[in-house]
Number of protein chains: 2
Amino acid sequence: MATQKSAPVGRPRGFDADEALEKAMRVFWQNGYEGASLPDLLTAMGISRTSMYATFGNKEELFRKALARYADGPASYGAEAVVEPTAREVATVFLHGAVRSATLPGYPTGCLSLRASLIGGEDGQIIRGLLADWRDETSTMLRKRFQRAVDEGDLPAETDPALLARYVMTVGNGIAVQAAGGAPRDDLQLITDAVLQSWPPALARP
Amino acid sequence: MATQKSAPVGRPRGFDADEALEKAMRVFWQNGYEGASLPDLLTAMGISRTSMYATFGNKEELFRKALARYADGPASYGAEAVVEPTAREVATVFLHGAVRSATLPGYPTGCLSLRASLIGGEDGQIIRGLLADWRDETSTMLRKRFQRAVDEGDLPAETDPALLARYVMTVGNGIAVQAAGGAPRDDLQLITDAVLQSWPPALARP
DNA sequence: GCACTTCTGGATCGATCGGTCCGCAATTGG
DNA sequence: CCAATTGCGGACCGATCGATCCAGAAGTGC
């Protein structure tokens with residue numbers, strides 16, 4: 001069902017599917033899921049309705065693929081962060097990555113996941129679930145990494161890893177919102193520096 | 001054009017306009033502007049299409065009034081914060097207010113402004129502008145208040161008030177996003193406590 | 001050149017969107 | 001009791017949504 005490179009018989013498609021997906025990702029990033037209409041997407045992708053359905057399935061499938069591309073590209077800083085050697089560096093790479101990703105020149109500002117998730121028709125439920133899952137995944141990665149840091153003595157024993165992960169996510173989300181609102185990268189950079197200056201925060205459950 | 005109580009001739013309306021607006025506010029809060037369809041709103045408000053248009057004008061006007069009610073009610077913590085005597089207390093009241101407002105029992109989680117703004121086709125531009133203005137207003141209030149604190153020696157002279165305001169807004173926004181994602185109030189409370197523990201953050205422009 | 005496969009643009013579908021219109025019900029002042 | 005005024009429910013409007021269908025163009029293998 002995926003890419004068959006065995007017997008390319010018939011007329012070859014007249015566009016680059018990867019390139020089209022990139023354009024679609026940007027439109028979703030800019031307008032969210034429901035805010036991105038088919039005509040919007042098709043114009044940006046430079047292809048026709050039929051070609052889109054034949055290549056990507058439908059709008060929801062197109063979004064899934066665009067999200068995968070996003071998670072693997074501009075939003076890959078989560079996975080990159082957790083391999084850092086210390087918890088402080090994990091937080092640093094994560095937050096700096098969030099700032100960079102949310103203010104990439106030539107891309108929409110903010111975070112695709114947030115822009116697309118805070119919506120709410122009934123058909124948006126699937127999408128919301130999809131994005132909630134993705135964010136949970138990131139949150140879990142951070143929590144496990146901080147748990148390890150506690151075990152290794154890199155973080156105070158009383159630190160709650162889940163709470164610390166939520167703390168980092170909270171700041172990251174705030175950055176994304178600010179960036180979407182037009183905050184300049186330098187400002188956000190200074191803010192993350194200030195946050196990281198008081199690392200680790202005292203986060204233990206009572 | 002407002003409430004005329006002089007000559008109530010004709011059939012009186014069979015519903016409480018204030019109560020209906022409250023219900024509409026909750027629907028917008030839950031689903032955003034475009035995510036809240038007329039049928040959704042009307043069902044929640046318990047009135048007919050005609051009554052809504054006669055009483056509130058149209059969907060956009062209804063949203064404006066719902067937003068005003070929101071800013072004056074559940075989201076009034078911004079105005080309440082800036083009258084506190086010290087910058088630290090301003091930040092404390094603001095962030096605790098953000099947590100409380102975003103996790104009010106019986107209300108949708110998160111922030112109406114964020115849910116409604118981060119979406120949008122072309123018709124959502126007016127709404128986005130409306131909400132951006134409101135957030136700018138809050139930001140400006142905080143900035144001026146922090147400027148005063150710097151002038152009074154309540155904050156270090158090198159502190160940049162605009163940057164500090166953005167810092168507080170960033171955390172507040174992050175809290176709203178987390179709450180919308182289902183984060184428990186207690187967790188968010190602990191996170192704000194940790195943030196406030198390192199007050200004031202070192203925020204000066206280089 | 002022919003048979004076959006695949007891609008593509010345009011017309012079209014039913015559903016839903018926000019908004020309007022009309023006829024009737026209900027209430028008040030005389 | 002009657003005339004005037006206003007509220008209300010339901011039918012209806014054009015526009016737009018995502019999705020489908022079809023005829024024809026553009027390729028490939030024999």
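Note that these values count all heavy atoms, side chains included, but never hydrogens, waters or copies made by symmetry. Just so it is clear: chains get the letters A, B, ... in the order the sequence lines come, proteins before strands, and each one is counted from 1.
Between B:Leu38 atom CG and D:dG9 atom C1' the separation is 15 Å, expressed in whole Å. One can place CG of B:Leu62 at 10 Å from P of C:dG19, the figure rounded to the nearest angstrom. We find that CZ of B:Phe15 is positioned 9 Å from P of D:dG9, with the value rounded to whole Å. Atom CG in A:Leu41 sits roughly 8 Å away from atom P in D:dG18 (whole-Å rounding). Atom OH of B:Tyr33 and atom P of C:dC17 are 13 Å apart (whole Å). A straight line from CG of A:Leu42 to P of C:dT8 spans 12 Å, rounded to a whole angstrom.
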Do B:Trp199 and B:Thr92 pass the side-chain contact (heavy atoms from CB on, under 4.5 Å) test, and can you show the C-alpha distance, the side-chain angles, and the key distance before you say yes or no?
CA-CA 10 Å; B:Trp199 183 271; B:Thr92 303; over 6 Å; no
Check the pair B:Phe94, B:Glu89 against side-chain contact (heavy atoms from CB on, under 4.5 Å), reporting the backbone distance first and the verdict last.
CA-CA 8 Å; B:Phe94 185 88; B:Glu89 286 169 288; over 6 Å; no
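Counting only distance, with no hydrogens or angles, the side chain of A:Asp72 and the backbone of A:Ala68 share no donor-acceptor pair below 3.5 Å. Not a single donor-acceptor pair under 3.5 Å links the side chain of A:Ser76 to the backbone N or O of A:Ala71.
In this model, no donor atom of one side chain and acceptor atom of the other lie less than 3.5 Å apart for A:Thr140 and A:Glu137.
A salt bridge is defined here as a Lys NZ or Arg NE, NH1 or NH2 lying under 4.0 Å from an Asp or Glu carboxylate O, and B:Asp154 with B:Arg88 fails to meet this definition.
Using a 4.0 Å cut-off on heavy atoms, the residues of residues 43-59 of chain B that approach DNA chain D are B:Ser48, B:Thr50, B:Ser51, listed by number.
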